[in-house]
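In what follows, chains carry the letters A, B, and so on, assigned in the order in which the sequence lines appear, proteins first and then strands, with residues in each chain numbered from 1. Note that these values count all heavy atoms, side chains included, but never hydrogens, waters or copies made by symmetry.
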2 protein chains.
Amino acid sequence: MPRIRHTSLDCSPGCAVEATLELIDGKWKGVILYHLLEGTLRFNAIRKRLPNVTQRMLTMQLRELERDGFLLRTVYPQVPPRVEYSLTELGRSLEPVIMALKRWGDRHTTFGRSTAVAEAAE
Amino acid sequence: MPRIRHTSLDCSPGCAVEATLELIDGKWKGVILYHLLEGTLRFNAIRKRLPNVTQRMLTMQLRELERDGFLLRTVYPQVPPRVEYSLTELGRSLEPVIMALKRWGDRHTTFGRSTAVAEAAE
DNA sequence: GCCCATAGTATCGGAAATGATACCGTCATG
DNA sequence: CATGACGGTATCATTTCCGATACTATGGGC
């Protein structure tokens, strides 16, 4: 069952904030989008970057992202199968959002400390 | 019960993205932060801006935001009580994130269409 | 004496999100 | 003939989130 879409127009300007959040919410979507910003990736390639995601969850998140128009799923009819995921224009339009999230995380969470070094060298 | 904090350092650079998302996730936090960017607000003032939030949920979200250091809760010992919420420095540091979310929402969701007009007039 | 305003708590329950585990098809390789 | 790679499904259990509703304290005004 898909998550509740933003159907009720009952809120103030801040609503756009929640609307966006809803779309990229879901435990793994943020990171998935982040990694796809760097280019096309195969299913297992994404999996390797997300050590704790289960196959099921990854599939689900990818399908939702596809449904929302953020990414394109290309199946090559080979054996073993080959499936590639890449961002659409709409997906790439999220870059400022993703990068804002990452930048904040780098500066203000314990996660960021490691990569903050690399970024400081910019 | 508080939500799971980011305790496991098991992920790649994209992790900062998720870490940030986790902090501002929770159905109302985004909008709350957005409204508080404009200044201090009392409990019921926030409530009026979020027509669909229940008292319980609003309290919970505010407490989590306070716990995470994003806002300050000031109680004035009066009757009837008066409680004011304002952003901390850390809270204000989220402004780029919130605004990126809002901007994207304004441009790409049906929510945005109305406020997009006002923004276009800038 | 009763009601109102403010800012909450307490309790219950249902729905949604996530996790664990097992299974599937096909071809190439050993 | 068995095994492994790839990209999944199916099923079940659990965790977490969220909503509805009722209840609370206190002082002032009627």
Side-chain angles (χ1 to χ4, degrees), chain A residues 1-8 10-11 18 21-32 35-36 40-68 71-86, chain B residues 1-8 10-11 18 21-32 35-36 40-68 71-86:
Chain A
M1 202 71 49
R3 90 186 46 237
I4 303 143
R5 315 310 302 284
H6 40 283
T7 43
S8 59
D10 46 12
C11 47
E18 278 307 320
L21 264 179
E22 261 180 42
L23 287 173
I24 61 175
D25 182 33
K27 201 155 181 190
W28 307 99
K29 291 191 191 170
V31 219
I32 293 173
H35 287 294
L36 284 178
T40 299
L41 288 174
R42 295 181 60 172
F43 187 83
N44 277 348
I46 301 177
R47 241 183 129 181
K48 261 173 221 138
R49 283 165 175 73
L50 275 50
N52 279 352
V53 77
T54 63
Q55 206 162 22
R56 175 191 128 89
M57 274 310 291
L58 183 53
T59 305
M60 288 179 60
Q61 303 283 292
L62 287 169
R63 291 292 148 85
E64 288 188 34
L65 288 169
E66 185 192 8
R67 181 203 63 192
D68 290 336
L71 55 81
L72 207 64
R73 179 168 174 269
T74 316
V75 183
Y76 296 87
Q78 306 175 354
V79 168
R82 171 190 183 83
V83 180
E84 288 187 348
Y85 293 91
S86 56
Chain B
M1 199 72 50
R3 88 185 44 234
I4 302 142
R5 314 310 304 284
H6 40 282
T7 43
S8 58
D10 47 11
C11 47
E18 278 307 320
L21 264 179
E22 260 180 41
L23 287 172
I24 62 176
D25 182 34
K27 201 154 181 192
W28 306 100
K29 290 189 190 171
V31 218
I32 293 173
H35 286 295
L36 284 178
T40 299
L41 289 174
R42 294 182 59 174
F43 186 83
N44 277 349
I46 301 176
R47 240 182 130 183
K48 263 174 220 138
R49 283 164 174 73
L50 276 50
N52 280 351
V53 77
T54 62
Q55 208 163 22
R56 176 189 129 89
M57 273 312 291
L58 183 52
T59 304
M60 288 179 59
Q61 303 284 291
L62 287 169
R63 290 294 147 85
E64 288 189 33
L65 288 170
E66 185 193 7
R67 181 202 65 192
D68 290 335
L71 54 81
L72 207 64
R73 179 169 173 268
T74 315
V75 183
Y76 296 88
Q78 306 174 354
V79 170
R82 172 189 183 83
V83 180
E84 288 187 348
Y85 293 90
S86 57

Item to check | Close side-chain approach of B:Tyr76 and B:Glu84, heavy atoms under 4.5 Å | outcome: yes
Checklist entry - Counting just side-chain N and O atoms, does B:Trp28 come under 4.0 Å of either OP1 or OP2 of D:dC17? => result no
Checklist outcome for this item: Its contact letters, B for base, S for sugar-phosphate only and - for none at protein heavy atoms under 4.0 Å, make nucleotides 7-13 of chain D read BBS-B--
Item to check | Distance in Å, A:Leu62 CG paired with A:Leu41 CG, rounded so as to fall on 0.5 Å steps | outcome: 10.0 Å
Item to check | Basic-acidic side-chain contact under 4.0 Å: A:Lys27, B:Glu18 | outcome: no
Checklist entry - Rounded to whole angstroms, how far apart are CG on A:Leu50 and C1' on C:dG19? => result 15 Å
Checklist entry - How close or far is atom C1' of C:dT9 from atom CE of B:Met60, stated in whole angstroms? => result 12 Å
Checklist entry - CG of B:Asp25 versus C1' of D:dT16: gap in Å, rounded? => result 11 Å
Checklist outcome for this item: Assert: residue with more 5' nearest nucleotide on DNA chain C, out of A:Val79 and A:Thr54, is A:Thr54
Item to check | A:Arg49 side chain vs A:Ala45 backbone, donor-acceptor pair below 3.5 Å | outcome: yes
Checklist entry - Can you tell me how far P of D:dC17 sits from CG of B:Leu58, to the nearest Å? => result 17 Å
Checklist entry - What distance separates B:Arg63 CZ from B:Leu58 CG, expressed to the nearest 0.5 Å? => result 9.5 Å
Item to check | A:Lys27 vs D:dT16: side-chain N/O to OP1/OP2 distance below 4.0 Å | outcome: no
